[in-house]
Chemist: 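Input: one structure, supplied below.
All residue numbers refer to positions in the sequence shown, counting from 1. Values reported hereafter were calculated over all heavy atoms of this structure, with side chains retained and with hydrogens, waters and symmetry mates removed.
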Amino acid sequence: VIWVLPGKHANRARIAHERFNHVPYDELLRWKKNGMAGMDFTMAEWRAAKASICGSCAVGKMRKKPRNRERTTPKATRAFGRIFVDLFFMGEKDREGRSIGMFILDEATACEWVKCLRHKNEALNAFIQWTNAARRGFGISEVVLPFRQPRPIGYVRTDNGGEFGPRWVEYVRAMGATPERSTPIEGHVFPAERGIQTLKADIRCLLATSGLSHLFWCDAAAARCFVRNRLPRDRLNNKSPFTRLTGEEPDLSAIRIFGAPCIVHIPASKRTGLENTAIKGQLIGYGAFLREYRVYCPDTNRIYRRQSVIF
């Protein structure tokens with residue numbers, strides 16, 4: 001292959017290629033066969049021109065190579081054998097001023113977690129909190145059953161973003177895991193990115209169904225992961241990520257429609273003798289215990305965590 005720079009040359013196929021906006025050589029040959037005027041090059045010139053690399057086309061038309069879909073590392077077979085982590089941006093802030101989400105995916109069990117952040121530099125602290133809680137089975141939007149023994153993390157795969165810099169790598173190695181980084185600039189964490197696309201679509205659907213504003217996108221993300229982790233998957237042999245992670249069957253009877261209207265009981269210690277014993281609200285998530293709900297009450301602009309909820 002010869003790299004040919006633009007300039008004066010005698011190859012008439014190359015001249016036609018540059019004359020007609022660097023059209024592909026196959027198109028030039030088709031025009032020649034159709035008798036188009038100006039296609040006076042010979043087949044030898046056409047083959048020589050096509051075998052060379054046009055420098056102008058190389059710098060003006062080069063595209064990223066398609067992703068190699070062949071695995072270069074074995075797939076994780078146990079919980080937390082490999083974790084995919086990536087950040088995503090929503091463009092709008094929630095009630096607490098958070099506009100960034102951290103998406104965490106366990107390769108073996110397909111469990112998903114979301115942590116909401118105000119700034120990218122909070123990523124490491126959020127990941128530390130997740131590792132301390134999720135490995136032991138605790139968390140609001142993840143699982144509620146503790147493991148018999150803490151699960152060690154094998155590999156942590158991220159892209160080359162600044163939030164995953166030296167301090168991140170140092171922490172991952174300190175907890176006994178191996179950091180994996182994608183190719184700089186053009187590398188991606190594809191399993192996490194596909195999960196983020198699905199997550200954003202689900203958030204939009206939940207907010208549209210509930211009628212709640214975009215200020216509740218973090219609540220919708222947490223509620224969505226809570227439910228999704230408890231639903232069966234085909235690739236898990238019709239088991240749920242919750243079951244693969246904990247060995248227990250999830251209780252789906254407590255699942256309600258996001259944004260569903262409900263009535264929340266107010267304890268006697270939180271009201272006077274003449275105040276109502278309940279208040280109207282909307283479901284925006286689930287608590288850390290079975291049948292504990294997170295309810296937003298527009299009248300008080302507060303969020304309540306209660307088990308005494310009527311739908």
Side-chain angles (χ1 to χ4, degrees), residues 67-88 101-115 127 130-159 172 176-178 180 182 188-206 220-258 285-292:
R67 176 170 68 95
N68 183 6
R69 297 184 178 273
E70 296 182 1
R71 293 189 63 93
T72 57
T73 56
K75 185 177 180 179
T77 57
R78 65 169 180 84
F80 301 120
R82 176 174 286 105
I83 298 295
F84 298 99
V85 184
D86 201 4
L87 299 188
F88 63 93
M102 172 185 285
F103 183 82
I104 304 173
L105 172 66
D106 180 26
E107 183 178 34
T109 66
C111 270
E112 301 175 0
W113 296 265
V114 174
K115 297 295 181 183
F127 185 70
W130 176 84
T131 56
N132 292 336
R135 286 186 301 167
R136 291 167 174 79
F138 296 101
I140 294 178
S141 63
E142 299 88 8
V143 294
V144 297
L145 295 175
F147 301 138
R148 294 179 175 85
Q149 294 179 351
R151 303 285 182 89
I153 295 178
Y155 296 87
V156 179
R157 179 170 297 182
T158 64
D159 57 21
V172 170
T178 302
E180 294 181 336
S182 61
H188 303 282
V189 188
F190 290 102
E193 292 189 352
R194 288 195 298 268
I196 289 173
Q197 291 180 352
T198 305
L199 170 67
K200 288 185 175 181
D202 291 344
I203 291 175
R204 291 191 292 267
C205 293
L206 293 178
R224 176 263 188 192
C225 288
F226 184 95
V227 175
R228 183 175 175 83
N229 286 340
R230 287 158 172 77
L231 299 179
R233 309 281 185 88
D234 287 340
R235 77 177 187 89
L236 299 179
N237 296 325
N238 207 33
K239 296 291 185 180
S240 68
F242 182 94
T243 301
R244 291 291 298 270
L245 188 61
T246 65
E248 303 286 342
E249 290 295 331
D251 181 10
L252 300 180
S253 63
I255 303 300
R256 297 291 186 271
I257 297 175
F258 183 81
Y286 304 87
F289 303 98
L290 187 63
R291 298 187 182 279
E292 180 181 88

Chemist: Taking the side chain as everything from C-beta on, heavy atoms only, tell me whether Leu199 gets closer than 4.5 Å to Phe88.
Modeler: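 Touching, per the 4.5 Å side-chain cut-off.
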
Chemist: Could you check whether any side-chain heavy atom of Thr198 comes within less than 4.5 Å of a side-chain heavy atom of Arg224, counting everything from C-beta outward?
Modeler: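 Contact flag for Thr198/Arg224 side chains = yes.
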
Chemist: Can the positive tip of Arg230 be found less than 6.0 Å from the middle of the six-membered ring of Phe226, inside 45° of the ring normal?
Modeler: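 Because its charged atom sits under 6.0 Å from the ring centre and within 45° of the axis, Arg230 does stack over Phe226.
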
Chemist: Give a yes or no on this: more than 12 heavy atoms of other residues, nucleotides or ligands lie within 6.0 Å of atom NZ of Lys200.
Modeler: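 It does: Lys200 NZ has more than 12 such atoms within range.
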
Chemist: Just wondering, are more than 12 heavy atoms of other shown residues or ligands nearer than 6.0 Å to OH in Tyr155?
Modeler: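 Counting other residues, nucleotides and ligands, OH of Tyr155 stays at 12 neighbours or fewer.
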
Chemist: Is the number of heavy atoms from other residues, nucleotides or ligands within 6.0 Å of CG (Leu236) greater than 12?
Modeler: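 Result for CG/Leu236: enclosed.
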
Chemist: To the nearest 0.5 angstrom, please state how far the CZ atom of Phe103 sits from the SG atom of Cys225.
Modeler: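 If we round to the nearest 0.5 Å, Phe103:CZ and Cys225:SG are 6.5 Å apart.
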
Chemist: Would a 4.5 Å heavy-atom cut-off, applied to side chains only, mark Pro241 and Arg233 as touching?
Modeler: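 Counting from C-beta outward, Pro241 and Arg233 do come under 4.5 Å.
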
Chemist: Only one of Ile196, Leu105, Asp106, Asp86 clears side-chain contact (heavy atoms from CB on, under 4.5 Å) with Pro191; which?
Modeler: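 Among Ile196, Leu105, Asp106, Asp86, the one that satisfies the side-chain contact (heavy atoms from CB on, under 4.5 Å) with Pro191 is Leu105.
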
Chemist: Which heavy atom in Ala254 sits nearest to a heavy atom in Tyr286, and how many Å separate them?
Modeler: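 Heavy-atom minimum between the residues: O-CE2, 3.6 Å.
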
Chemist: Would you mind reporting whether Asp202 and Phe258 have side-chain heavy atoms less than 4.5 Å apart?
Modeler: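 Phe258 vs Asp202: side chains apart.
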
Chemist: Do the side chains of Thr243 and Pro250 get nearer than 4.5 Å, heavy atoms only?
Modeler: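 Side-chain contact under 4.5 Å: yes.
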
Chemist: With sequence neighbours excluded, tell me which residues meet salt bridge (charged side-chain N to carboxylate O under 4.0 Å, His left out) with Glu180.
Modeler: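 Expected list: Arg82, Arg157.
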
Chemist: Could you check whether any side-chain N or O of Asn229 sits under 3.5 Å from a backbone N or O of Glu112, counting only pairs where one atom can act as donor and the other as acceptor?
Modeler: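 Here the side-chain-to-backbone pair exists.
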
